[in-house]
Amino acid sequence: MSSIRTRFAPSPTGFLHLGSARTALYNWAYARRHGGCFVLRIEDTDLERSTRESEETVLEGLEWLGLDWDEGPFRQTERREAHEQAIAGLLAQEKAYRCQCSREDLEARKEADLARGGSGLYDGRCRDLGLGPDCGTHVVRLRVPQEGMLGWEDAVFGPSGQDAGQLGDAIIRRGDGTPLYNLAVVVDDIEMGITHVIRGADHHPNTSLQVALYQALDAPLPIFAHLPLIVGESGKKLSKRRDNVSIQDFRDEGHLPEALTNWLVRLGWSHGDDEIFSLDEIAQLFSLESVGRSSARADPAKLAWLDQHYIKQLPGDDLFARVRPHLERVKGGPVEDDESLRKLLDLLRERSRTLVEMAELAHWKLSDTLEYDEKAVKKHLRPAALPALLALGQGMRKLPDWTVAELEKTFEETAAALGDVKLGKLAQPVRVAVTGGPNSPGIFETLEILGREPTLERLKHAVTVVEARAESAGSD
RNA sequence: GUCCCCAUCGUCUAGCGGUUAGGACACCGGCCUUUCAAGCCGGCGACACGGGUUCGAUUCCCGUUGGGGAUACCA
C-alpha cells in the first residue's frame with residue numbers, strides 16, 4: 001500500500017475546462033497507478049464567481065469522464081479556520097506581518113518603480129513596522145527571505161526555482177480577513193497530506209512563493225510536477241473566448257468520454273508509439289517521467305479520429321443508449337429501440353466521427369418527411385432516371401421478402417432489363433429518392449432498413465418530382 | 001520592463017552520443033466500390049540558427065532567434 005496522495009483542485013467558475021480535465025486525469029492516473037489516493041478539493045476561496053451550481057457542473061464533468069475520487073469534495077471555504085490559524089502562527093513567529101499600504105499607494109509606487117526600471121516588487125515599507133492587530137484595516141504579508149534560492153526539483157521540469165530576492169513579500173490575507181489562494185493551497189495541501197502536486201505549468205512561476213510558504217510553515221515540500229500547457233489554434237494558452245474548452249460542450253457535440261481522455265492523455269504524455277489508451281490502461285501505464293516539457297496544441301482532427309475509433313468498438317446496447325438523445329433531437333420526438341434502427345446504427349459506425357454526426361446521418365430513418373438535398377436532386381432525379389425508378393418500383397412491389405438479397409436481385413434484373421446499365425445508374429437515383437441525399441450506406445441495406453412501404457412511397461414521390469421536372473421545359 | 005519555461009514532419013510525439021531520425025493524426029495518390037465511409041497499399045513531410053564539448057551531435061553546454069507562461073487584496 002502506497003501513501004501517495006494527489007489532488008485535483010479546480011475553481012468552480014462555470015464548467016470543467018479542458019486543461020483542468022487533463023490535470024484531473026493525470027492526478028487521477030498517478031494515484032491509480034501507485035495505489036494512492038485521489039483527493040478532490042474545490043478551490044472556492046471566494047470570488048463572487050464561484051457558485052454551487054458550477055461546482056456541480058465540474059463534478060458532473062469528472063464523473064462523465066470516468067474520473068472517480070477517493071476523498072472529498074472538500075471546499076476551501078470550509079477550511080477557513082485552518083487558514084486563519086496558519087496565518088496567526090506565522091504572525092506570532094514574525095514570519096508574516098501586517099501591512100497598511102493602500103491599493104492606490106501600492107499601485108503608484110509600483111508604477112514609479114517600473115518607470116525607474118525597477119522590478120515593481122513590493123518595497124517592504126511595512127515590513128519592519130511591527131504593526132499590531134489593532135492597526136486598522138490591513139493585509140498580512142509573508143516575510144519572504146531576501147536572499148537565497150527558493151527552489152524545488154520538479155518532476156517534469158527538473159531543478160526549478162528562483163532567487164528569493166526576486167519575489168517580494170506576497171499578501172496572504174486580504175483586508176477583509178480572507179486568506180489568499182497561495183496560502184490556502186499550501187495549508188490545505190500540507191494538512192491533507194498531499195504528496196504530489198500535479199498541476200498546469202501556469203503555476204510554475206508561483207511555486208517559488210509556495211516553497212517559501214512551506215518553509216515558513218516548517219512543512220516538507222511535496223513533489224511538484226508541472227504539466228506543459230495545452231494551447232489552442234493561436235499557440236496561446238486555451239481561452240474560454242477563443243477555444244472550445246468546456247467538457248460539457250464536447251459532450252453535447254457528441255464526443256465520447258473515452259475518446260476525450262485518450263486525446264487528453266496524449267497531450268503531453270506518451271508511451272512509446274502507442275496511441276490508443278483506455279482509462280484502465282492509463283491507470284496502469286501513466287508516469288510523470290514520460291510527461292513532456294513543451295506545450296501541446298489540441299488538435300480536433302485527432303479527437304475525431306479517436307471518437308470514431310471508439311464508436312466502432314462500442315457494444316450495440318451501449319451505442320444505442322448513447323446516441324439516443326441525439327437521435328431524439330434530430331427527430332424532434334421520442335425514438336423507439338428497434339431492430340432496423342440498430343442495424344442502421346451499426347452501418348453508421350464507420351461513417352460517423354461523433355454521436356451527433358451519427359444521429360444526423362440517420363435522419364432519413366427517423367422522420368416521415370424527407371428533406372431533399374437540392375444538388376443531389378438536380379443531379380440524380382432527372383428524366384433520364386425515370387425508367388429505372390419506375391421499373392424498380394414495380395419490381396420491388398412484388399417482392400415476397402424485403403431483404404438485402406431480394407432487393408439486390410431486383411436491382412440486377414432491372415439493370416439487365418434496361419440494357420445492362422451500371423448499378424450506379426440505378427442506385428444513385430434511388431438513394432436520393434429514399435434518403436434525400438447522395439450518401440448513405442449500401443443501397444440494399446438502406447432500403448431494407450427503411451422498409452417496404454416507406455421505400456415505395458418515397459419512390460413514388462420521386463417519380464412525381466421527376467415528371468414535374470420533365471414538363472417544365474428545358475430543365476434537363 | 002522583470003522573472004521563469006519551451007524548441008524533432010502542419011499537429012501529437014518516439015529518440016535518452018553512432019538510427020536510411022520511427023509512429024499516429026491530417027494531407028496527397030492508388031486499390032476496393034452502387035454513393036459516402038471504412039479497410040488496404042503507397043507518397044509528401046521535421047531535428048530553428050550559431051558556437052563549443054566529443055573520434056562522432058537531433059541528443060550535452062553556451063548564445064541568438066522564435067514561441068509561451070508569470071508578474072493581482074484571481075485561482
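Each chain gets a letter, A, B and so on, in the order its sequence line appears, and its residues count up from 1.
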Ring geometry between Phe157(A) and His204(A) (parallel below 30°, tilted from 30 to 60°, perpendicular above 60°): tilted
Touch class at under 4.0 angstrom, heavy-atom based, for Pro228(A) against every strand present: nothing
Sugar-phosphate only, base, or nothing, as touched by Arg297(A) at under 4.0 Å among non-hydrogen atoms: sugar-phosphate
Over-ring placement of Arg7(A) relative to Phe38(A), 6.0 Å and 45° cut-offs: no
Per Leu180(A) side chain, nearest of listed nucleotides C12(B), C73(B), U11(B): C73(B)
Those residues of residues 284-295 of chain A lying under 4.0 Å from RNA chain B by at least one heavy atom: Arg293(A), Ser294(A), Ser295(A)
Touch class at under 4.0 angstrom, heavy-atom based, for Cys101(A) against every strand present: base
Shortest side-chain distance from Gln166(A), nucleotide among C3(B), U34(B), C36(B): C3(B)
Aromatic ring pairing Phe444(A)/Phe411(A), orientation class (parallel under 30°, perpendicular over 60°, tilted between): perpendicular
Sugar-phosphate, base or nothing in reach of Lys237(A), heavy atoms under 4.0 Å: sugar-phosphate
Distance flag, aromatic centroids of His138(A) and Tyr97(A), threshold under 6.0 Å: no
Per Ile443(A) side chain, nearest of listed nucleotides A70(B), U34(B), A75(B): U34(B)
Out of G1(B), U35(B), A75(B), whichever nucleotide has its closest atom nearest the side chain of Leu114(A): G1(B)
Nearest listed nucleotide, side chain of Lys236(A), among A26(B), U34(B), G69(B): G69(B)
Glu406(A) side chain to Thr403(A) backbone, donor-acceptor under 3.5 Å: no
N/O donor-acceptor pair, side chain Arg266(A) with base U13(B), under 3.5 angstrom: no
Touch class at under 4.0 angstrom, heavy-atom based, for Phe411(A) against every strand present: nothing
Sugar-phosphate only, base, or nothing, as touched by Lys312(A) at under 4.0 Å among non-hydrogen atoms: sugar-phosphate
N/O donor-acceptor pair, side chain Asp202(A) with base G69(B), under 3.5 angstrom: no
Proximal nucleotide (of C5(B), A75(B), A38(B)) relative to the Tyr181(A) side chain: A75(B)
Sugar-phosphate only, base, or nothing, as touched by Gly235(A) at under 4.0 Å among non-hydrogen atoms: sugar-phosphate
Centroid separation Phe8(A) to Trp69(A) less than 6.0 Å: no
Nearest listed nucleotide, side chain of Glu275(A), among U34(B), C25(B), G23(B): G23(B)
Sugar-phosphate only, base, or nothing, as touched by His203(A) at under 4.0 Å among non-hydrogen atoms: base
Proximity to the side chain of Ser270(A) - top-ranked nucleotide from C73(B), U34(B), A14(B): A14(B)
side-chain hydrogen bond (donor to acceptor under 3.5 Å, both in side chains) between Tyr181(A) and Asn206(A), intermediate numbers included: CA-CA 11 Å; Tyr181(A) 165 77; Asn206(A) 229 336; 5.6 Å; no
Nearest listed nucleotide, side chain of Ser119(A), among C12(B), G39(B), U2(B): U2(B)
Trp269(A) vs Tyr26(A), ring-ring contact (aromatic ring centres under 6.0 Å, His included): CA-CA, chis, key distance, verdict: CA-CA 9 Å; Trp269(A) 175 81; Tyr26(A) 283 24; 7.5 Å; no
Closest listed nucleotide, where the reference is the side chain of Pro205(A) and the choices are C73(B), C12(B), A70(B): A70(B)
